[in-house]
Amino acid sequence: MITLQNITKTFKVSKRQAGFANAFKALFSREYELIHALHNVSFTVNDGEMVGYIGPNGAGKSTTIKIMCGILTPDDGDCSINGRTPWRQRIAHVRDIGVVFGQRSQLWWDVPVIDSFELIRDIYKTPQTVYSKNLKELTEILELGEILKTPARSLSLGQRMRCEIVASLLHNPKILFLDEPTIGLDAVSKIAVRQFIKQLNVERKTTVILTTHDMQDIEALTERIILIGRGQVLLDGSLAELKSRANTDGDNAEEAVAALYKELKI
Amino acid sequence: MSLYIKYFSIHLKSQMQFKSSFFFTTLGQFLVAFVTLLSINFMFARFDSVGGFTHEEVLLCFAIIMSAFSISELIARGFDQFPNLIGNGGFDRALVRPRNVIFQVLASQMDFSRLGRLLQAILVFIYVIPSSSIDWTLPRVITLALMIICGGLLFFGLQVLYAALSFFTLEGLEFMNLLTHGAQEHGRLPFSVYGDGILKFLTFIVPLALIQYYPLLFLLGREEAGIFHGIAPVMSLLFLLPCYACFKLGLKKYQSTGS
């Protein structure tokens, strides 16, 4: 179970005007701007749930994910995931989670994917039997086969993303965080990834938290949506609730979300 | 440790993908070190001694610093590249894996081309150890080993410090190179050559003299050098504590980068 209570996080960002004179001035006195990335964010996710975490760029989605993964320490508030505080019990916590950052790779660039998988197995100390079983199942479902022998740098984005997902599931995590897993993928790969995530959630009862800008992801996958804007949770409910909140005619989720962003001025 | 070997093999596999690139950078590293060696030889073509040290003695000093530095670069290159690791999100990835963070940064990069420098240092050792007038007693051999090992660790500590600072700022870190690459460059001469002030700084603030000047006096059997000089490199390891503390502090303040 995941519980967040009043999580607050502020970043200190130095800023200056453009130009050489201002750059010189910044050498001696810096102006800082405090950015309130998250402000009193609270929600609970039960085991086996699949939640879509949405919001416009800069709303604080990635920051929340990073806090839940133990990468960032919040300024204030509590977070408990399966009874642990991520940033205090980092190593025990990350054993139970899998993370896919859509825009970042976790594979070693110049070696065949299978070599990366084996190193990941050793990093997580996954027993060989568990590893082989997972690898066999996952490669079958995602149709990886020969791709595993190719260096990661030569893969297409769609192929690579499927490998990324396998890499983060080899150690049987109870929770999977997906940060924009379908970004930049073609239609076929997108559907393959979506189907796979759905199957994972149903068959293995893996809790999935998914951030995305693609409303089709949300429509295909999640029953529950958490909408975040300006660092605050603005809506926590189903897609139907979101649509009715948005007061748009028609059934288009994309338009509903856009209208909602506008209405809430986020 | 066995995991480190696995990382080692994956890096080796990666670098072997680009054979000629690997060969040329190794050669380049060798040549860079060779130029430094030449400059020492030119200096001694004009002067018999520098700051009271003979040609052989300076060469010994050169080989010690060079080997300590190249070992630390070979093993702990990840810290040297740390700002990049933060910038490209590699550090976030390290944080979501169930292993010690310092270990993962250490293993994130290995630069085998540094073998070029190490090779050079070894060649100089082969030349200078028999030709110098040093009587190689057991304590002296131990001191020499300590100088290289503790020297490597001290350079490693400086790199950890460098990494710690890059948690706070990603700019203006060049001055740290003064202490790592700079020390390696200037460390070819015993630090006493640079005057009393610098020697004091390198004794009490950044204890590079503890792995170079003082134990060197012991190796050379100078009158003023006692056993305390011989074990000075071990004392220098105290410097690792504040380096580690700074890194821990930086980790707490870590802000990550946007995705």
Side-chain angles (χ1 to χ4, degrees), chain A residues 9-14 26-27 30 35 37 57-58 61-63 65-73 86-87 90-112 115-116 118-125 151 153 168 171 173 177 179-180 183 211, chain B residues 1-19 21-22 78 84-110 112 167-172 174-175 248-259:
Chain A
K9 176 82 187 170
T10 313
F11 292 116
K12 203 170 159 192
V13 178
S14 69
L27 269 179
R30 283 264 168 100
I35 295 184
N57 291 323
K61 295 190 300 293
S62 291
T63 306
I65 297 275
K66 282 175 183 169
I67 286 172
M68 289 192 281
C69 296
I71 295 174
L72 292 176
T73 311
W87 57 93
R90 188 184 67 81
I91 289 188
H93 167 64
V94 297
R95 249 183 241 292
D96 278 353
I97 64 166
V99 191
V100 176
F101 294 115
Q103 319 220 40
R104 304 267 165 81
S105 179
Q106 60 177 315
L107 305 168
W108 280 264
W109 212 232
D110 292 319
V111 293
D115 286 3
S116 290
E118 279 170 11
L119 186 54
I120 288 168
R121 173 197 66 196
D122 296 331
I123 290 172
Y124 283 90
K125 298 182 188 154
R153 70 182 137 86
S168 54
H171 61 287
F177 294 100
D179 196 359
E180 306 190 19
I183 196 163
T211 80
Chain B
M1 191 64 207
S2 78
L3 185 63
Y4 189 81
I5 292 166
K6 303 251 171 61
Y7 269 103
F8 189 86
S9 96
I10 213 161
H11 286 298
L12 198 62
K13 277 184 223 162
S14 302
Q15 297 199 6
M16 283 193 309
Q17 292 250 327
F18 309 100
K19 285 189 207 75
S21 156
F22 173 71
N84 292 341
L85 200 65
I86 287 185
N88 67 24
F91 190 64
D92 287 359
R93 181 48 67 184
L95 284 171
V96 298
R97 288 191 169 140
R99 293 285 180 159
N100 179 287
V101 175
I102 290 187
F103 169 80
Q104 288 189 71
V105 176
L106 205 69
S108 71
Q109 286 253 339
M110 289 175 207
F112 298 104
F167 280 123
F168 300 100
T169 169
L170 287 172
E171 297 159 29
E174 286 300 309
F175 80 96
K248 276 283 179 198
L249 187 71
L251 195 57
K252 245 185 135 175
K253 298 260 176 240
Y254 177 54
Q255 294 210 338
S256 185
T257 45
S259 82

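Residue numbers start from 1 in every chain, and the chains themselves are labelled A, B, ... in the order their sequence lines are given, proteins ahead of strands.
Taking chain B as the reference chain and counting heavy-atom pairs below 4.5 Å, the highest number among A/Ile65, A/Asp110, A/Ile97, A/Thr63 is found for A/Asp110. Interface check for chain A: of the options B/Asn100, B/Leu3, B/Ile10, the most heavy-atom pairs under 4.5 Å are formed by B/Ile10. For the set A/Thr73, A/Val99, A/Asn57, A/Ile120, the entry with the most heavy-atom pairs within less than 4.5 Å of chain B is A/Val99.
Contact of B/Lys252 with chain A is made through the backbone alone, with heavy-atom distances under 4.5 Å. Residue A/Arg121 does not touch chain B at all, counting heavy-atom pairs closer than 4.5 Å. The part of B/Arg93 that comes within reach of chain A is its side chain, from C-beta onward, which places non-hydrogen atoms under 4.5 angstrom from that chain.
When every heavy atom of A/Pro173 is checked against every heavy atom of A/Gly98, the shortest pair comes out as CB-N, 3.4 Å. Here the closest heavy-atom approach between residue B/Phe91 and residue B/Val101 is recorded as CE1-CG1, 3.4 Å.
Ring geometry for B/Tyr254 versus B/Phe167: interplanar angle over 60°, hence perpendicular rather than tilted (30 to 60°). The aromatic rings of B/Tyr4 and B/Phe8 are tilted relative to each other, their planes meeting at an angle between 30° and 60°.
Using modelled atom types, no side-chain atom of B/Ser14 and backbone atom of A/Val111 make a donor-acceptor pair closer than 3.5 Å.
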